[in-house]
Amino acid sequence: MTDLQIHQFPCLSDNYGFLVHDIESGETACIDTPETAPIMAALAETGWQLTQIWNTHHHYDHAGNNEEIKRATGCTITGPAGEADKIPGLDRAVDEGDVVMLGAHQARILNVGGHTLGHIAYHMDGHAFVGDSLFALGCGRVFEGTMAQMWDSLQKLNALPDGTQIYCAHEYTTANAAFAVTIDPDNQALQARVAEIAALRAADKPTVPTEIALERATNPFLRATDAGVQAHLNMAGAAAVDVFAEIRQRKDNF
Ligand code: ZN
Ligand code: FE
């Protein structure tokens, strides 16, 4: 359990790249392929040899450099079954309930479709690599799926145990925080977090990974069942999915 190492680094304008390394087997997985040069630099810096790419969804800033990195490293590529035709160089298609191994470590696949139809997350040893499904204080735009599908997907992440580290694919937290306080203005935990986020970003530090219990307490997209949020939206007693849809639509227009 303790011999996994995670190396996080910025890519493009606001993406994060992640390398996951198992010391015992020497295997290394790269979560998505946002940009080749920083991924190759991270491999050189760590001295880790890439053996796998794990894709979360088909968008270019997640799978666009698959083939270039596969050619350079000889790694294999695992990705979402629901988007198999859109994942360059895919070797293995996986979906909900499947298991992907990194050495002796198991990553369990969750289908978190909504942002894209087949979007998956990888959950292993208290870490969840969630792509563009859940963000710190936010969630992905619902481009391909329905609001109901996205809400259902977020509930799977919401069900992960306290302490689970959430590795989101983007540093969107400052903008998400500005929106969150318009939905949940009386939430003391959110206010405290907004101050922490401002301090981290002022020091040019990442707000990722986040932690699921913190998201439960402060992320408006996980709080559609909260009485305070519902009252603020004049939606007391409404179905959670309708409250979620209202929050998502407000964010799209924020
Ligand atoms: Zn995306
Ligand atoms: Fe993205």
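Counting starts at 1 for both ligands and their atoms, following the listed order. None of the values given here were measured: they were computed from a predicted structure.
Taking a cut-off of 2.8 Å, the protein N, O or S atoms nearer than that to the Zn ion (ligand 1) are His57 NE2, His59 ND1, His115 NE2, Asp132 OD2.
The aromatic rings of His170 and Tyr172 sit parallel, their planes meeting at an angle under 30°, below the 60° perpendicular limit. Ring pair His115/Phe143 is tilted by interplanar angle, where 30° to 60° counts as tilted.
Looking at His119 and Asp132, their side chains never bring a donor and an acceptor atom within 3.5 Å of each other. Thr36 and Glu68 share a donor-acceptor pair across their side chains, judged by distance under 3.5 Å alone.
Comment: Glu246 does not engage Lys251 in a salt bridge, judged by the lack of any side-chain N to carboxylate O separation of less than 4.0 angstrom. Electrostatic pairing of Arg216 and Asp162 counts as a salt bridge here, judged by a charged N lying under 4.0 Å from a carboxylate O.
Phe129 pairs by the ring pair (Phe, Tyr, Trp, His ring centres under 6.0 Å) definition with Phe18, Tyr167, not counting sequence neighbours.
Just one of Ile166, Leu137, Val130, Leu134 meets the side-chain contact (heavy atoms from CB on, under 4.5 Å) condition when paired with Thr210; it is Ile166.
Of all protein N, O or S atoms, those under 2.8 Å from the Fe ion (ligand 2) number 4.
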Scan the side chains in residues 73-80 for donor-acceptor partners under 3.5 Å anywhere in the protein, sequence neighbours excluded, and list what turns up.
unit_1: Thr73; atom_1: OG1; unit_2: Ile69; atom_2: O; d: 2.7
unit_1: Thr73; atom_1: OG1; unit_2: Cys75; atom_2: N; d: 3.3

